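Values in this document were obtained by computation on a predicted structure and should not be read as measured data. Proteins get letters first, then strands, A, B, ... in listed order; numbering begins at 1 in each.
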There are 2 protein chains.
Amino acid sequence: MNELTERQKSVYNFITTYQKQHGYSPSMQDIAGHLQVSGNLGVIRHLTALEKKGYLTRTPGNSRSIKLTPSFSSYPESLERMIHGEEQFSVFLPVVGSVRAGIPQPPEEDIQEYRSIDRDVARSGGTFFLKVKGDSMIEASIREGDLALIRPQEAAQHRDIVVALVDGEATLKRFYREADHIRLQPENAAYQPIIIREGEKDVTIIGKVVSIYRSLD
Amino acid sequence: MNELTERQKSVYNFITTYQKQHGYSPSMQDIAGHLQVSGNLGVIRHLTALEKKGYLTRTPGNSRSIKLTPSFSSYPESLERMIHGEEQFSVFLPVVGSVRAGIPQPPEEDIQEYRSIDRDVARSGGTFFLKVKGDSMIEASIREGDLALIRPQEAAQHRDIVVALVDGEATLKRFYREADHIRLQPENAAYQPIIIREGEKDVTIIGKVVSIYRSLD
DNA sequence: CGCTATAGTTACTAAATAATAACTATCATC
DNA sequence: GATGATAGTTATTATTTAGTAACTATAGCG
């Protein structure tokens, strides 16, 4: 029902681009010029369609009054644009509940909420939040309930804190590259490290922990 | 040089408010209506003045093309508006380096950087970030270098983590209200608690820690 | 084939909007 | 008292802009 036609997509994309470049919305003539159509009736109908489908709102009679609906910044399309784009202050990222192999393409149903962060934290694509479960990293001052900002990457640097998929469950571990293996070390003396030798275990590195966010009270 | 007159301030304020409410800029007539002046020449001159002083930019001939300069969101005036206002996604808060008695009015020189946060974290006024020094709260998983989001308040609830001014220095402590005194307990066995009896010590509660933000790598 | 949705054209109009001209008033400063 | 900056008025105008009317074209579908 909310699917967009190709033409509607390019209208939508042009509006986001124009808003980023100018700081305000395009007029219908601006859009018509970009679409290379003459007259603005076509544009009006596209906008009406986009409005009906919930992608934007307008104020009748007011010029340049297009307002994009923020909740329609759905993963991954619009989000990619926001992360890679010239977003001025902050971007929206999904908070995924349970991490699966599908990363970095979390299914929309898994998105529990959204958080905004400083733009420069999310330079590269696909970044997302993960809600921390368990106390495996308690000695690194990361606790249950914290939000970990994850940058998806398969490799990691020595001593990075990473998200690893162990037995189908996402856990945080510190990454150590050693002689002939990789060691994923929990920062909790009560837990055992995981040793991975070449193509041996069912363990996948999903990404690196870039920052930690905790809400008190 | 960049000081604003009273009238210019109210123009500026109206534009920010209008943008927040509508998602796009007001027309000159909108502004004139708000100022209760007839004709829009006055408005044009105010906008020209604001533009010359660097507070906004416009595109000649384009309607509703006012674009506020983001860097002019200086503490405390514009910031207060942002915090109290209907900011949709996130607000900008100063990160203060050393906390002094002047809170919640940190002098601008102390602002080291800015961070954006989720809007609903900053409902009440004056909120700011404090860069954590020392390890007095290490057992509460708060470490040196973390950013603590502080909501200024003189009172605190039992077991809140608060910022206290002890000997002119800001430190984090957990707040305990007990029989005939208040106890400020570090979450580090190596440190001693501070006991405060009625108007006895030179200790001030500055605010409550609302959230913690940590950047890795 | 007829029906519907999408997409486009030309021509037009009314309202919204930005901008200018000519003039007055107040206040601080030299 | 003159000068300049700020602030305001009424009147007018040209352009921008949103929206409408009437018509054509294509593609998918039953």
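- Each of A:H46 and B:Q29 lies near DNA chain C, and the nucleotide nearest A:H46 is the one positioned closer to the 5' end.
- Nearest heavy atoms, A:R58 versus A:M28: NH1-CE, 2.6 Å.
- Two residues, B:S63 and B:V37, neighbour DNA chain D, and the one matched to the more 5' nucleotide by heavy-atom proximity is B:V37.
- Residue B:Q157 places its CD atom among 12 or fewer non-hydrogen atoms of other residues, nucleotides or ligands, all under 6.0 Å distant.
- Heavy-atom contacts of chain B under 4.0 Å fall on DNA chain C between two terminal nucleotides, which in 5' to 3' order are C:dT17 to C:dA22.
- The side-chain heavy atoms of B:M137 and B:I161, taken from C-beta on, include a pair separated by under 4.5 Å.
- Following rounding to the nearest Å, B:M28 (CE) and D:dT12 (C1') show an atom-to-atom distance of 17 Å.
- Here the closest non-hydrogen pair linking A:Y18 and A:Y24 is CD2-O, 3.2 Å.
- Within 4.0 Å (heavy atoms only), A:S38 reaches at least one base atom of the nucleic acid.
- Summarising the geometry, the separation between CG on B:L35 and C1' on D:dT6 is reported as 14 Å, rounded to the nearest angstrom.
- The nearest whole Å value for the distance from the CD atom in B:Q36 to the C1' atom in D:dT9 is 15 Å.
- Between B:D146 and B:S141, the closest heavy-atom pair is OD2-O, 4.1 Å.
- OP1 or OP2 of D:dT17 has at least one side-chain nitrogen or oxygen of A:S27 nearer than 4.0 Å.
- In this structure, B:R214 contributes its side chain and B:R143 its backbone to no donor-acceptor pair below 3.5 Å.
- Closest of all the heavy-atom pairs between A:L47 and A:L56 is O-CD1, 3.9 Å.
- Per the geometry, CD1 belonging to A:I44 stands 7 Å off P belonging to D:dT20, to the nearest Å.
- We find that CZ of A:R64 is positioned 14 Å from P of D:dG19, with the value rounded to whole Å.
- Contact between the side-chain N/O atoms of B:R45 and the OP1/OP2 oxygens of D:dA7 is not found at any separation under 4.0 Å.
- Sorted by first and then second residue, the salt bridge (Lys or Arg N to Asp or Glu O under 4.0 Å) pairs involving residues 26-37 of chain A (not counting sequence neighbours) are A:D30-A:R64.
- Looking at which nucleotide of DNA chain D each of B:L41 and A:G61 is closest to, the 5′-most match is held by B:L41.
- Axis angle between the ends of the helix from C:dC1-D:dG30 to C:dC30-D:dG1, five pairs each and rounded to 10 degrees, works out to 30°.
- Taking the six-membered ring where tryptophan is involved, the planes of B:F14 and B:H34 are essentially parallel, since the angle between them stays under 30° and well short of 60°.
- Rounded to whole Å, atom P of D:dT6 lies 14 Å from atom CG of B:L47.
- At the heavy-atom level, A:N62 lies under 4.0 Å from the strands shown only through sugar-phosphate atoms.
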